[in-house]
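A short write-up of the structure that comes next.
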Amino acid sequence: MKLEGIYFKYPGEVEVLKGANLSVDRGEIVALVGPVGSGKTTFLMIAAGLLEPERGAVLLDDKPLKDQLPEARERIGLVFQNPDDQIFNSTVYDELAFALRQIHSSSSEVDRIIRKVAEKFNITHLLNRPPYRLSMGEKRIVTLASIIAYNPDILLLDEPTANVSSKIIESIKSVVEEFKQSNKAAVIASHDGEFIAETSDRVYVINNGVTVGGLDSKTILSNDELLTMADLKVNPSKRVQ
Ligand SMILES: Nc1ncnc2c1ncn2[C@@H]1O[C@H](COP(=O)(O)OP(=O)(O)OP(=O)(O)O)[C@@H](O)[C@H]1O
Ligand SMILES: [Mg+2]
């Protein structure tokens, strides 16, 4: 997937993105870092085809994403920064089932996939619960599971490690690792320097509407100027690997 020269502004607001670029190849994990309010979430929403840029190209397999919607939605999975913006079904089961039901016609196949994903993420005991009553960490894992359930090619994670335990961070790491190994792609927007250092092949810094970097993680995460620009702290022991 490739985003080139993206410009975007919310109605009545100043420009958030002013020529931002990002590319992610199959088998690659790319991080997007930048200060609070720099446009990371906005950029991921554009990559997912949920917001349309004013200018610029969003390409999936070198063709405009816009021309491939709505079908291409099955290929891109965005896990929202705030689970409450994503969750809308009345049970966890239905939340996991929603996208699957658009893809598979057989309800026994949908059920089989849900059981398997619930087991993988250790949320079988939550399946009949109303999602709004879950803890923030539980909600986050449910939203991730609901995306993984339909097996997208490109995973977009928006602050995946916020409000979760180290055990859940480990399982998110293994999901990302599986994506890489199956020659799929992931883009991770995060303020978590350690998680990025451990998972990402390349890093983009977004600041003042543009992206810089895009080079390998070690180069970016050892550049003090870029880290300051990203308002990111990385433990020096994680920098040299
Ligand atoms: N729906 C909206 N309407 C108007 N302005 C918005 C809207 N959503 C975001 N913004 C503004 O756009 C800018 C970029 O927001 P965005 O959420 O993309 O930043 P971010 O980098 O993801 O921040 P954070 O690190 O806090 O998650 C901010 O100034 C924000 O206030
Ligand atoms: Mg954000």
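For ligands, and for the atoms within them, numbers begin at 1 and follow the listed sequence.
For atom 9 (C) of ligand 1, the nearest protein heavy atom is under 4.0 Å away. Distance check on atom 31 (O) of ligand 1: every protein heavy atom falls at or beyond the 4.0 Å cut-off.
Partner of Asp61 under the side chain to side chain donor-acceptor pair (under 3.5 Å) criterion, out of Gln68, Arg75, Lys2: Arg75 alone. Paired with Met229 under the rule side-chain contact (heavy atoms from CB on, under 4.5 Å), one option of Asn208, Val33, Val212, Asp224 passes, and it is Val212.
A cation-pi arrangement is found for Lys184 relative to Phe179, the charged atom lying closer than 6.0 Å to the ring centre and inside a 45° cone about the ring normal.
Glu119 has no carboxylate O lying under 4.0 Å from a charged side-chain N of Lys116, or vice versa, which leaves the two without a salt bridge.
Not a single heavy atom of Met45 sits under 4.0 Å from any atom of ligand 1. Within the structure, the closest approach of Gly34 to ligand 1 does not fall below 4.0 Å when heavy atoms are considered.
Residue Glu13 touches ligand 1 through its side chain alone, judged by heavy-atom distances below 4.0 Å. Counting heavy atoms closer than 4.0 Å to ligand 1, residue Thr41 contributes atoms from both its backbone and its side chain. With a 4.0 Å cut-off on non-hydrogen atoms, Pro35 touches ligand 1 through its backbone and not its side chain.
Ser90 and Tyr132 share no donor-acceptor pair across their side chains, judged by distance under 3.5 Å alone.
For ligand 1, the polar-atom distance check against Val16 finds no nitrogen or oxygen pair separated by under 3.5 Å.
For atom 29 (O) of ligand 1, the nearest non-hydrogen atom from the set Gly209, Gly37, Pro11 belongs to Gly37.
A donor-acceptor contact shorter than 3.5 Å is absent between the side chain of Glu74 and the backbone of Tyr150.
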